[in-house]
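To start, the structure itself, in structure tokens.
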Amino acid sequence: MPPVIDLRSDTVTRPSAAMRRAMAEAEVGDDVLEHDPTTLRLEERIAALLGKDAALFFPSGTQANQTGIRLLATPGTELLLEANAHLLHYEIAGLADLSRVQVRPVATPDGVLTAELLRAAVRPASPHVPRCSGIAIENTHNAAGGKVMPVAVADGVGALAKELGLPLHLDGARLWNAAAALGVPPARLAAPATTVMVSLSKGLGCPVGSCLAFPEEAREEAWEIRKRLGGGMRQSGILTAAGLWALEHNLGRIAEDHANAKRLADGLAGHPAVRMIPPETNILIVDLLREPDTSDTVIPRLAARGVLVTSFGPRRLRAVTHLDVTDSDIRKAIEIIAEVLK
Ligand SMILES: *Cc1c(COP(=O)(O)O)cnc(C)c1O
């Protein structure tokens with residue numbers, strides 16, 4: 001077997017020796033009983049980075065996202081979401097089951113949910129239609145190929161939410177990538193949002209974990225919802241030490257992943273079998289143009305040569321760069337993909 005270049009997701013990173021050391025040496029306590037000191041430190045650090053009052057550590061982005069929505073949305077109302085949002089497609093109908101809300105998907109040409117598109121989707125109040133109880137945005141947008149929502153668009157959505165009296169949730173699993181791509185602090189992009197989810201287990205390279213940031217008055221309820229969902233963890237400092245380590249060592253290098261995604265796109269540009277969405281961050285979407293290439297036939301052929309990617313549609317592939325993908329991996333991946341599609 002050739003060495004594997006794993007471009008399936010930025011979740012496949014393995015914790016480095018130094019990160020593992022930080023985990024092993026973490027000061028810990030029972031976080032459900034009396035707070036774990038390392039977890040408290042991470043939560044404070046994340047809240048500060050996002051410009052929010054408080055944050056909690058969660059085992060997954062899905063649980064943190066679902067808690068955010070549960071905090072904001074009233075059962076029996078509807079939530080405005082971009083039509084290809086992670087919350088809608090990849091969280092196993094959690095919104096319906098856990099928050100009992102209906103989703104009103106808003107179609108966009110490129111994954112960027114603007115205030116204009118949202119305004120057109122808001123229904124005038126009437127006793128005959130669902131009441132809207134919130135808006136959720138995703139930055140970067142995964143299904144749109146790591147697409148960045150610019151500051152002005154996020155601010156516009158925030159202004160509309162305020163005007164309508166609606167809370168705004170930000171699914172920021174890759175907010176770090178958006179901030180790096182725009183050259184702004186994460187707090188700037190989080191400013192319009194009431195609640196913000198960020199992942200530690202993607203671009204930051206931690207083995208486990210996400211956080212939800214929220215206003216002070218939501219603290220007690222957020223704690224309760226997390227506990228109810230089974231997210232109360234004990235000596236979680238073992239995990240949050242990885243987060244603190246990653247904020248110090250991996251946050252500043254995230255633009256390297258963007259450069260690698262661009263290198264991959266540039267290296268394949270001009271190949272007659274593919275068309276790419278130019279990557280803005282660390283996700284490259286590759287459309288297969290030639291018969292009989294399909295995701296189902298191409299993915300195993302790439303895998304046999306050691307390049308792993310995922311399917312994002314019958315003739316669409318997704319390749320994601322991350323901490324464990326090097327410059328030379330990218331060069332090899334370009335060669336192998338070009339050969340397999342020859
Ligand atoms: C990965 C992801 C999540 C969920 O995170 P998990 O830790 O995998 O549960 C939520 N939103 C977006 C945009 C994601 O990419």
Side-chain angles (χ1 to χ4, degrees), residues 6-13 15 42 46 50 55-70 72 79 81-95 97-99 103 105 108 110-113 135-149 154 168-181 186 189-190 193 195-213 225-226 229-231 233 236 239-240 242-243 246 254 257-258 261 279-285 310-312 318-323:
D6 195 343
L7 303 172
R8 288 173 302 165
S9 174
D10 43 12
T11 56
V12 301
T13 54
L42 175 77
I46 290 283
L50 299 177
L56 281 180
F57 177 67
F58 285 76
S60 70
T62 300
Q63 196 181 81
N65 256 348
Q66 292 295 329
T67 299
I69 300 299
R70 189 74 189 78
L72 302 182
L79 196 67
L81 278 177
E82 203 281 328
N84 289 310
H86 192 282
L87 268 162
L88 174 50
H89 292 282
Y90 304 111
E91 301 192 15
I92 325 292
L95 297 177
D97 190 22
L98 304 170
S99 288
V103 168
T108 64
D110 54 2
V112 180
L113 187 56
I135 301 171
I137 52 177
E138 185 175 320
N139 197 9
T140 67
H141 193 299
N142 177 18
K147 182 90 181 162
V148 174
M149 176 181 280
L168 177 65
H169 175 74
L170 167 57
D171 175 350
R174 297 189 181 82
L175 192 69
W176 318 117
N177 299 85
L189 290 170
T195 50
V196 185
M197 186 281 269
V198 287
S199 289
L200 304 168
S201 55
K202 293 191 171 164
L204 291 182
C206 295
V208 176
S210 289
C211 287
L212 181 73
I225 296 167
R226 185 185 66 170
L229 296 176
M233 292 174 283
S236 53
L239 303 173
T240 49
I254 227 158
D257 297 339
H258 302 177
E280 293 183 358
T281 55
N282 68 327
I283 300 177
L284 179 64
I285 303 283
T310 51
S311 167
F312 241 39
R318 185 185 78 156
V320 186
T321 57
H322 52 76
L323 205 55

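When a ligand or atom number is given, it counts from 1 through the structure's own listing order.
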Requested in this report: Could you check atom 11 (N) of ligand 1 against the protein and tell me its nearest heavy-atom contact, residue, atom and distance included?
Outcome: Asp171 OD2, 2.7 Å
Requested in this report: Look at atom 8 (O) of ligand 1 and say which protein heavy atom is nearest, naming residue and atom and giving the distance to 0.1 Å.
Outcome: Lys202 NZ, 4.2 Å
Ligand-residue contact atoms, ligand 1 with [X], heavy atoms, under 4.0 Å:
X	value
Glu138	13 (C)
Glu91	10 (C)
Ala173	2 (C), 11 (N), 12 (C), 13 (C), 14 (C), 15 (O)

Query raised in the report: Does Gln63 reach ligand 1, in the sense of a heavy atom lying below 4.0 Å from it?
Result: no
Requested in this report: State if His141 counts as touching ligand 1 under the rule of any non-hydrogen atom under 4.0 Å.
Outcome: no
Query raised in the report: What are the two closest non-hydrogen atoms of His141 and Asn84, and how far apart are they?
Result: CE1-O, 3.5 Å
Query raised in the report: Which atoms form the tightest heavy-atom contact between Met149 and Leu113, and what is the distance?
Result: CE-O, 3.4 Å
Report summary line: Note: heavy atom closest to atom 6 (P) of ligand 1, options Ser9, Ser210, Pro59, Gly61, belongs to Gly61
Report summary line: Within the 4.0 Å heavy-atom cut-off, what Ser60 brings close to ligand 1 is both
Report task. Would you mind telling me if ligand 1 is within reach of the side chain of Asn65, the backbone, both or neither, using heavy atoms under 4.0 Å? Result -> side chain
Ignoring angles and geometry beyond distance, decide whether [X] reaches within less than 3.5 Å of ligand 1 through its nitrogen or oxygen atoms.
X	value
Thr140	no
Arg174	yes
Thr62	yes

Query raised in the report: Does the side chain of Pro105 reach to within under 4.5 Å of the side chain of Leu81, using non-hydrogen atoms?
Result: no
Query - Expected output: side-chain Glu138 to main-chain Glu82 donor-acceptor under 3.5 Å - result: no
Report task. For the pair Arg174 (side chain) and Asn142 (backbone), establish whether a donor and an acceptor sit closer than 3.5 Å, ignoring hydrogens and angles. Result -> no
Requested in this report: Answer yes if the side chains of Ser210 and Ser60 hold a donor-acceptor pair under 3.5 Å, and no otherwise.
Outcome: no
**Report entry** His258 versus Asn177, side-chain donor and acceptor atoms under 3.5 Å
**Finding:** yes
Query - Residue from Ile254, Asp10, Val320, Val148 passing side-chain contact (heavy atoms from CB on, under 4.5 Å) with Thr281 - result: Val148
Query - From Ile135 atom CD1 to Leu79 atom CG, the distance as rounded to the nearest 0.5 Å - result: 8.5 Å
